[in-house]
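To keep things clear, I will list the structure first and then write my remarks on it.
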Amino acid sequence: MTMNVALARLAAGLLGCALVVGGAGAALADENRTQQRDAEGQAAPAGALTLSVASTATTLTEVPSSDANVRQFTGSLPEVTVTDDRAIIPSGAVWYVTGQASSLTSGSRSIDAGHLGWAPKVITTSGHGEVASGDVVNTVLDAATADTPLNDGLASAHLLALSVDSRASAAVGSWTAGADLFLRVPRTVEPGAYSGTITLTLWEEAQPQ
């Protein structure tokens, strides 16, 4: 299942950024099961593995930057919830959510998605660690370090949250994750009301037994 998030306009006269979050489509092997009849007239197991987002838009606001050559904007990804109420879950299955951003545009001007990064976090406190957050993804303006080796931004898909065992995480029912968002651009970028999209996708895979 895929969802999108949008970035919104900032203060007039400054660099503005808006993200759209939303969704459509399916990316799960066993997603959105509905109660149907098979050829022998038996009811298939009910329930589904689903993804929902608390809001379809978020806004980034400019904050002080420690680098005189860089402008920085921060915000929050709307909360992302994965719910699993399936009666039958494949043995060895795992699910995970990834996020990837489009370029941010303002008229004919564009900022590559590599300038947008995030720091994922699991918000649900119940359970026993069945779901983990993805790694921090820094921007192309940040240096890679041993602690944060990813610095390509959200130009490619990165992990938001991961369940290492679909059956174990389903015992809790729903899991919510989020992320701190940050946009870092050179001060030479032309001001404007920039907007773009973050696409969130829920995947499930069966692991070899």
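These numbers come from the heavy atoms of this one structure, side chains and all, not from hydrogens, waters or symmetry mates. Everything numeric here is computed off the predicted structure, so don't read it as measured data.
- Residues passing the salt bridge (charged side-chain N to carboxylate O under 4.0 Å, His left out) test with R167: none are found, sequence neighbours excluded.
- Considering CH2 of W118 and CZ of F182, their distance stands at 10.5 Å, rounded to 0.5 Å.
- In the hydrophobic clustering of ILVMFWY residues, with side-chain heavy atoms under 4.5 Å counting as a link, V136 and F73 come out apart.
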Extract all donor-acceptor atom pairs below 3.5 Å that involve side chains of residues 169-180 and protein atoms in other chains or at least two apart in sequence.
residue, atom, partner, partner atom, Å
S169, OG, W95, NE1, 3.2
S169, OG, S163, OG, 2.8
S169, OG, D165, O, 3.2
S169, OG, S166, O, 3.2
S174, OG, T83, OG1, 2.8
W175, NE1, S169, O, 2.9
T176, OG1, T81, OG1, 2.8
D180, OD1, K121, NZ, 3.2

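- Between the side chain of R71 and the main chain of P186, no donor-acceptor pair closer than 3.5 Å is present.
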Kindly list each side-chain donor-acceptor pair under 3.5 angstrom involving residues 125-133, sequence neighbours excluded, with atom names and distances?
residue, atom, partner, partner atom, Å
E130, OE1, H128, N, 2.6
E130, OE2, H128, N, 3.4

Inset, instruction - Walk me through it: do E204 and Y96 pass the test side chain to side chain donor-acceptor pair (under 3.5 Å)? - result: CA-CA 6 Å; E204 184 173 63; Y96 55 97; over 6 Å; no

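- In this structure the side chain of V80 reaches within 4.5 angstrom of the side chain of L51, judged on heavy atoms.
- Annotation for S102 and A113: closest pair O-CB, 3.4 Å, computed over non-hydrogen atoms.
- Two residues are said to be in side-chain contact when any heavy atoms from C-beta on lie closer than 4.5 Å; I198 and L116 meet this criterion.
- Listed by chain and number, the residues in a side chain to side chain contact (heavy atoms under 4.5 Å, CB included) with D67 are S65, N69, V70 (sequence neighbours excluded).
- For the side chain to side chain contact (heavy atoms under 4.5 Å, CB included) test, residues two or more places apart in sequence or in another chain that qualify with V63 are Q72, T74.
- Hydrophobic clustering of Ile, Leu, Val, Met, Phe, Trp and Tyr side chains at less than 4.5 Å, counting indirect connections, keeps V185 apart from V140.
- For T105 (side chain) and G107 (main-chain N/O), no donor-acceptor pair under 3.5 Å exists by modelled atom type.
- With sequence neighbours excluded, the residues forming a side chain to side chain contact (heavy atoms under 4.5 Å, CB included) with D112 are S103, H115, A155, listed by chain and number.
- Cluster annotation: L181 and L150 are assigned to the same hydrophobic cluster (Ile/Leu/Val/Met/Phe/Trp/Tyr, side-chain heavy-atom contacts under 4.5 Å, transitive).
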Legend entry - V82 vs L202, side chain to side chain contact (heavy atoms under 4.5 Å, CB included): CA-CA, chis, key distance, verdict: CA-CA 8 Å; V82 175; L202 171 62; 4.0 Å; yes

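- Nearest heavy atoms, G153 versus V137: O-CG1, 3.4 Å.
- A donor-acceptor pair is defined here as one N or O able to donate and one able to accept, closer than 3.5 Å; such a pair exists between the side chain of D84 and the backbone of R86.
- Contacts classified as side-chain hydrogen bond (donor to acceptor under 3.5 Å, both in side chains) and involving residues 136-155 (residues at least two apart or in different chains) are given here: N138-T148, T139-D142, D142-R184, T145-T148, D152-S156, D152-H158.
- Between the CG atom of L159 and the OG1 atom of T98 there is a distance of 7.5 Å, given to the nearest 0.5 Å.
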Inset, instruction - Walk me through it: do V97 and T201 pass the test side chain to side chain contact (heavy atoms under 4.5 Å, CB included)? - result: CA-CA 5 Å; V97 179; T201 304; over 6 Å; no

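- Separation of atoms CG (L154) and CG (L183) is listed at 10.5 Å; rounding is to 0.5 Å.
- Remark: T50 OG1 to D85 CG distance equals 6.5 Å, nearest 0.5 Å.
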